[in-house]
Amino acid sequence: MEKNIAIQVNNVGKTFRIPHEKITTIRGAFVSALKSHGYEEFKALEDVSFEVKKGEFFGIIGRNGSGKSTLLKILAGIYQTDKGKVKVNGLISPFLELGIGFNPELSGRDNVYLNATVLGMTHKQIEEKFDDIVEFSELRRFIDQKIKNYSSGMQVRLAFSVAIYANRDILLMDEVLAVGDTNFQRKCLEQFIEYKKSNKTILFVSHDLATVQRFCDRVMLLRNGEIQFVGNPEEAVNRYVSQSAADEEKTKSAESAGSSLARITKVEFLDGEKRKKHSFSTGEAIVIRIRYKTKEKIEEPMIGLAIFNQDGIQISGPNSISSGLKLDHIDGEGHVDYVILQNPFFSGVYYLTVAIHDKYGAVSYDFKEKAYAFNVISKEKNQYGILKLDHRWEKSQ
């Protein structure tokens, strides 16, 4: 194993056995073992191979069930592989699940000592760094309360603080920052930067694609337990967005096919030159093309859409009537375009709900909820919030 490699994974596979019925007794477990069809096999990982360099911020993305958490638990030594090998060059600080390693009946203070000891710190080291750990967690007022009385966000603060100050070579992060508040998330990400400067290695699993794009050196995309891509963060996120949008579109189409007089058959994202793409820059034009098909003529329809950010917050919700587009009727196949002249969004993934209604909005012919997505990669140096306002500053004379 090369000295500059922190983690090396070769042809790793992991399969779980899922029982078909609930087993509550020893006898039941014995009987189930004798049955050839008492369970089904689920391949969580299949022939996974990759390397992570020392000092690298390595992201792992993929839909739920793609194998991300299983992989991190294998790297942390919680799961054993069924096949393949894992080599780790350095000590690991795993931060995988909320409250893991905490005793709810003990105080925050006692849990700091307990968790830090599990991570390999000596009593002297813990005492030397205890104040820093508590200070970073911002929980000094509550440090002597029992952990069971902590909110999920407070537990994340304390666990993350211990993981950071354990000073391991490799930090494993599995979606846990999603529980913390925005200010603490930013504080953690700033700490990641300091971690990297010290040539520490970070493996970061998250659905927050904007953060993945912003901080990761490379990103791996997993799908159904297999590697789809490893490399440039923007390319990885674009592939993920395209796959997710295609999956959702298939699901929504299957649900609504043949169910009404009109269907949304496809939604395409185009640039100002009407070229297909899924990733846009802040300030660039975005054309949302909504294709439809009707069984018969529909008079004065209303075609609408809603744009959401990753947190599910609706940013905009225009429709053809409120925007001044009068459609006398739609009949057969056709499309309408919604054009965003200058895309105001900062980096992130944005989801689209699209619908066809009658002119009063009382009858819904088709409704595809958050079935489509596009990605924004902003070149703005300082991004706060989710969009860039058309603005200027003025000073007093």
Legend entry - Donor-acceptor contact present, side-chain S151 to main-chain M154, <3.5 Å: yes

Inset, instruction - Check side-chain contact (heavy atoms from CB on, under 4.5 Å) between D208 and all other residues, then give those that pass, not counting sequence neighbours. - result: S206, A210, T211, Q310

Inset, instruction - Go through the structure and list residues passing side chain to side chain donor-acceptor pair (under 3.5 Å) with D337, not counting sequence neighbours. - result: R289

Inset, instruction - List in chain and number order the residues that pass side chain to side chain donor-acceptor pair (under 3.5 Å) with K43, two or more places apart in sequence or in another chain; answer none if no residue qualifies. - result: none

Legend entry - Any donor-acceptor pair under 3.5 Å from D366 side chain to I264 backbone: yes

Inset, instruction - Sequence neighbours left out, what pairs pass salt bridge (charged side-chain N to carboxylate O under 4.0 Å, His left out) with at least one residue falling in residues 49-58? - result: E56-R218

Inset, instruction - Hey, can you tell me if F192 and F57 have their rings parallel, tilted or perpendicular (30° and 60° cut-offs)? - result: perpendicular

Inset, instruction - Just grab all the ring pair (Phe, Tyr, Trp, His ring centres under 6.0 Å) pairs involving residues 208-243, residues at least two apart or on different chains. - result: none

Legend entry - Within residues 109-128 or reaching into it, pairs that qualify as salt bridge (charged side-chain N to carboxylate O under 4.0 Å, His left out) - sequence neighbours excluded: R109-D144

Legend entry - Point-to-point distance, once rounded to the nearest 0.5 Å, from OG of S107 to CZ of F142: 14.0 Å

Legend entry - Results of side-chain contact (heavy atoms from CB on, under 4.5 Å) for E190 - residues two or more places apart only: R186

Legend entry - Any donor-acceptor pair under 3.5 Å from T15 side chain to E41 backbone: no

Inset, instruction - Taking atom types as modelled, find out whether Q342 and D390 have a side-chain donor-acceptor pair closer than 3.5 angstrom. - result: no

Legend entry - Atom pair CD1/CE of I133 and M121 - distance to nearest 0.5 Å: 5.0 Å

Legend entry - side chain to side chain donor-acceptor pair (under 3.5 Å) involving R392 - partner list, sequence neighbours excluded: E394

Legend entry - Counterpart residues, side-chain contact (heavy atoms from CB on, under 4.5 Å), relative to N4 (two or more places apart): E2

Legend entry - Donor-acceptor pair, side chain of S49 and main chain of N11, under 3.5 angstrom: yes

Legend entry - Any residue meeting side chain to side chain donor-acceptor pair (under 3.5 Å) with E268, in chain and number order, not counting sequence neighbours: K276, R291

Legend entry - Separation of K68 NZ from M220 CE (nearest 0.5 Å): 10.5 Å

Inset, instruction - Enumerate the residue pairs fulfilling ring pair (Phe, Tyr, Trp, His ring centres under 6.0 Å) with a member in residues 280-324, sequence neighbours excluded, ordered by first and then second residue. - result: none

Inset, instruction - Ignoring hydrogens and angles, tell me if any N or O in the side chain of T353 forms a donor-acceptor pair with the backbone of K370 under 3.5 Å. - result: yes

Legend entry - Working for side-chain contact (heavy atoms from CB on, under 4.5 Å), residues F345 and L387: CA-CA 4 Å; F345 306 126; L387 54 83; 4.1 Å; yes

Inset, instruction - Applying side-chain contact (heavy atoms from CB on, under 4.5 Å), run through D169 and N89 and close with a yes or a no. - result: CA-CA 8 Å; D169 305 304; N89 187 4; over 6 Å; no

Legend entry - Main-chain N/O of S279 paired with N238 side-chain donor or acceptor, under 3.5 Å: no

Inset, instruction - Using atom types as modelled and distance alone, determine if a side-chain donor or acceptor of K187 lies under 3.5 Å from a backbone N or O of F136. - result: yes

Inset, instruction - Name all residues meeting the side-chain contact (heavy atoms from CB on, under 4.5 Å) criterion together with T70; count only those two or more places apart in sequence or in a different chain, and write none if there are none. - result: K14, F16, A44, L45, I74, Y79

Legend entry - Exam field: side chain S244 to backbone V241, donor-acceptor pair closer than 3.5 Å: no

Legend entry - Backbone of I321 reached by a side-chain donor or acceptor of N319 within 3.5 Å: yes

Inset, instruction - Could you check Q125 against N167 for side chain to side chain donor-acceptor pair (under 3.5 Å), going step by step and ending with a plain yes or no? - result: CA-CA 10 Å; Q125 289 173 330; N167 199 30; over 6 Å; no

